[in-house]
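Worksheet: one structure, shown below.
Starting from 1, each residue takes its place in the sequence as its number.
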Amino acid sequence: MLGLVGVWVGDPQAAVHQAAASEEAPLLDACRALNAAAAVHRLSGFERAAPGGRGQQGILAHLAALTQACISAGGLEQGDEGGWAADAVDILLDTWVELLQETASMQRGLGAGVSGRAGEAVGGVFQALLGAALRDAAAGAFEDEEEDQGTGGAASARNDWMTKVAVLGRGSPLTALPLLSSLLTHRQQQVAQAITTGGKEADGSVAMEQLCLLLRLAAHVLADPGEGETPLIPLSMAQASQASLAAGQADVVEAASNALLGVAGMGLDPSLASSISPRVLEATVWAVSRWADTYLLSQEEDLSPAMAQSFGAAGNGPSTLAALIQLAGALLGGQAGEVELHRGVCTRLLPVLVHRRVVCERLVQLQQWHSLAEAFAQQRAAFVGLSAKVQRALARCLCLAAIGLPDEAQRRHYISHLLHNVAGEVCNLAGRADLAHIAERPDLMQRVTALLECLRGAAQGTTPQAQQALFGVCRGLMEALLVLQRAYRQHEPTVCLLLKLAGDIVDAHVSYLSAGEAQMMCHWVLHLLQTYSSYNKGRVTVQAAASLRQQAVGESYRDLRALLRLLTHLTQRDLIDFGDDGAGAGAANGSGPDAGAAAGAVAADGAEQTVDVAQLVFLGLDILIPLISLELLGYPKLCLLYFQLLAYMMEVYPEKVAALPLQQLHTLLQTLEFGINSTEADAMQSALEALAALAKYDYQSKRKGQPGLSPDAGRDEGLLSRFLEVLVRKLLLDSGAGDLTGLAADALLPLILAHPQAYQQIGEKLLAEQQDEGLRNMLVLSLTRVMSANGVNQSLDRSNKKLFRENLGAFVVDARSIVRVR
């Protein structure tokens, strides 16, 4: 079969010439045939098979020649995008990836080293791809920046392409790594010479553009992306180190690593750094971040002796770590206005250096790290000039590094010194008598935003080891933050930022607090919510929601989402047991949970009473429910947060939901119906879980002789009875509701038991819609079996729920064919 495909392709050069003459269909069909064959045949099969089975050169060499011919025809040129050559190269590159990934299927990482003629073929294709990419980079070096598409879809496509080419590089590491090392070193020298020489004759634009490409491709070949976990050393790289050392040659992985770090060293040279293109520095940060995540101070057994000596903990690894920290400080302090570069340093390079404890233990001993931390602590001009989000990311990394300190005293001193000036400036601002008059000055608002983002970063950088030290800082800022909230009550971005900060603080600390500390936090959140309620309640209307849809992101949507996140974080730990039992019982039996939280926080003698998490969340719901509209619930993230919170509160505190004022309860149930009919599966599931919990409480209350959620104890119809028809019709008429039968059953059983007359009325409506006597009889039988078959009884225990779920499933299958309207 493979041989026949080779005959079909014929001579690669002739096929390319034919395609260039506007007869590209045979070539593209042949490429697709090779790609299909690669899905079912191994690399060794391609190597053995010969075109026509006549003992000629293997199909693999034929594939390599065809790939190189298509590349030479311009398959990687920007101007040929969408042309036959580009399409052919894309298909053939996918073919190579399929073959090499199959070889590596039982090994780590993308691609595996291959030897012999196969290795030569892979290496030849890699060289052709790299050469064409370098020529294309040189051609695009003088394009206008506005035309350069380095972000979004273009960046994703570039990353995908490099990932595929890296597979070939790992398939021939003894060819690819020396080539990359040589090119990196040569282009680095060209850039340095151009900067040193100066003048138009020494323009280094081409070398810089090619250097960007080489940096990213080298990092793709050397290391896998971390993305939340510590990546392992690719097996092909470990094998390449062993093979080069066995041949008595220098370790090719070490050489490539040194070449990569050599480019990074240019950022530490003041005479070069100021003249290097920011794009080169961004690519450098990206590349060394990916490399360091895998190799720097690695404790893997696969690390070769040469790599261990150069970059291991017992070798020169700490020196490399110091150089990277120094590079981060130099780029943050010496490249003013380069937001993307700063973001790369603080969201890529520094996080890589602080997410492993073994690295942090070395890092906090280095003078370079203390210099970086001191620059932030003293709020030096260069660091103050960073964008607010970059300052947040920097504060997070600096706080995370505290896990490397050996004892609590050192961690407390480190955190206290790091945040002393930030916290002090916040307190000084809050204490100014003229704050109300100067609060809206643009420069001051910008500074307040930066300070709050720094505090958010500190909260997000909380670890169990440094939690007490960081909470000590937060505790001293609570009153000041309330003052800022009142001062900026009319400035929605700052209000939203304060809510986000509160959510981050609660999320970071709520699981570690003692009873007294938890009460302190609860009271602070209570005052925060009360202040927000007094100034912001009712500001979002349906008309405002309509205008939000015309904006990229609505400020009010952000407010509500931040508020929901804060309330959700509060539920992570049930704080109700931190107070005395009387306080909790009193809250549960109050006339309205929001009123109890707002009015019951301070006793008659002025002393603060205990506040539980339920009071806080229901006060938040008291603020939230009047602001929520069906239009705002159209935002998926806000919608999911809202219904997840409702599901939790209705399951844990159903009696407090029942105690809500009637108008709020109506609004809440209206949004619940929206969630049940939502197209978002997770939101629908949470809404059904919330309804099931509320229906269970309603039924159990009625069994005890209480009204449940019925507004009138003398009537059977309660507030929940209408959900019977909502659920039944959804199950019968909604084509996508079949998978929801189990979730709907958990809500339907208590609804039917609590509202039997409403269930009977639904059955009568369904029967009235049927004209055929036979179908009506079948429907009657199906409706009757829901509550009579399999011995279903009046309880809500697990076994009865299971029986009811089976009955409901059978009813849905039978009744759908009768009542469903197309």
Check your understanding: L130 and L214: side chain to side chain contact (heavy atoms under 4.5 Å, CB included), yes or no, with the steps?
Key -> CA-CA 9 Å; L130 181 54; L214 290 167; 3.9 Å; yes
Check your understanding: Checking side chain to side chain contact (heavy atoms under 4.5 Å, CB included) for the pair V473/S416: CA distance, chi angles, key distance, verdict?
Key -> CA-CA 7 Å; V473 175; S416 175; 5.6 Å; no
Exercise for review: Kindly determine whether L497 and V448 satisfy side chain to side chain contact (heavy atoms under 4.5 Å, CB included), including the steps that lead there.
Suggested key: CA-CA 10 Å; L497 193 54; V448 168; over 6 Å; no
Check your understanding: Which is it for Y414 and C399 under the side chain to side chain contact (heavy atoms under 4.5 Å, CB included) test, yes or no, and what are the steps along the way?
Key -> CA-CA 9 Å; Y414 172 81; C399 289; 5.9 Å; no
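Atom CZ of R565 is surrounded by 12 or fewer heavy atoms from other residues, nucleotides or ligands within 6.0 Å. Applying the 6.0 Å contact sphere to CD of E440 captures no more than 12 heavy atoms from other residues, nucleotides or ligands. No more than 12 heavy atoms of other residues, nucleotides or ligands shown are found within 6.0 angstrom of CZ on R348. Counted within 6.0 Å of CD on Q299, heavy atoms from surrounding residues, nucleotides or ligands total 12 or fewer; the atom is thus considered open. Within a 6.0 Å radius of NE2 in H417, more than 12 heavy atoms belonging to other residues, nucleotides or ligands are found. Crowding of Q446 atom CD: a count of heavy atoms from other residues, nucleotides or ligands under 6.0 Å not exceeding 12.
Between the side chain of R411 and the main chain of Q465, a donor-acceptor pair closer than 3.5 Å is present. Side-chain atoms of N316 never come within 3.5 Å of backbone atoms of S319 as a donor-acceptor pair (strictly under, hydrogens ignored). In this structure, S304 contributes its side chain and M307 its backbone to a donor-acceptor pair below 3.5 Å. One N or O on the side chain of N258 and one on the backbone of E254 form a donor-acceptor pair closer than 3.5 Å.
A salt bridge between D224 and R170 is present, with a side-chain N of the basic residue lying under 4.0 Å from a carboxylate O of the acidic one.
Defined by atom type and a distance below 3.5 Å, a donor-acceptor pair is missing between the side-chain atoms of Q467 and T462. In this model, no donor atom of one side chain and acceptor atom of the other lie less than 3.5 Å apart for Q379 and N421. Side-chain contact annotation: R187 with Q210, donor-acceptor N/O pair under 3.5 Å present. Between N428 and E425, the side chains place no donor N or O within less than 3.5 Å of an acceptor N or O (distance only, hydrogens not considered). For the residue pair Q365 / H370, no side-chain donor-acceptor distance below 3.5 Å is found, with atom types taken as modelled. No hydrogens or angles considered: a donor-acceptor pair under 3.5 Å links the side chains of S241 and D251.
The line from CG of L528 to CG of L566 is 7.0 Å long, rounded to the nearest 0.5 Å. Taken to the nearest 0.5 Å, the CD atom of Q188 stands 9.5 Å off from the CG atom of L215. We find the CZ-OG1 distance between R216 and T163 to be 11.5 Å, quoted to the nearest 0.5 Å. Separation of atoms CG (L405) and CZ (R412) is listed at 13.0 Å; rounding is to 0.5 Å. The CD atom of Q190 sits 9.5 Å away from the CG atom of L211 when rounded to the nearest 0.5 Å. Between the OG1 atom in T284 and the CG atom in L260 there is a gap of 8.0 Å [rounded to 0.5 Å].
Using a 4.5 Å heavy-atom cutoff, the side chains of P173 and Q239 are not in contact. Using a 4.5 Å heavy-atom threshold, the side chains of L129 and F126 count as separate. Using a 4.5 Å cut-off on side-chain heavy atoms (C-beta onward), H342 and S387 make no contact. Inter-residue side-chain proximity for H569 and V510 is flagged as unmet; no heavy-atom pair is nearer than 4.5 Å. Using a 4.5 Å heavy-atom cutoff, the side chains of R279 and L341 are not in contact. Put simply, the side chain of L451 does not reach to within 4.5 Å of the side chain of Q391, judged on heavy atoms. Contact check for L372 versus F383: side-chain heavy atoms found under the 4.5 Å cut-off. Considering only heavy atoms from C-beta on, Q468 stays 4.5 Å or farther from Y512 through its side chain.
Aromatic pair W291/F311: ring centres closer than 6.0 Å. Between W286 and H220, the ring centre distance stays below 6.0 Å.
The shortest heavy-atom contact between L303 and S298 is CD2-O, 3.9 Å. Nearest approach of G169 to V221, heavy atoms of both residues: C-CG1, 4.2 Å. Among all heavy-atom pairs drawn from L455 and V422, the shortest one is CD2-CG1, 4.0 Å. In this structure, V252 and P178 approach most closely via the heavy-atom pair CG1-CG, 3.9 Å. Nearest heavy atom pair, residue L363 against residue A401, reads CD2-CB, 3.9 Å. Considering every non-hydrogen atom in both V354 and C360, the closest pair reads O-SG, 3.2 Å.
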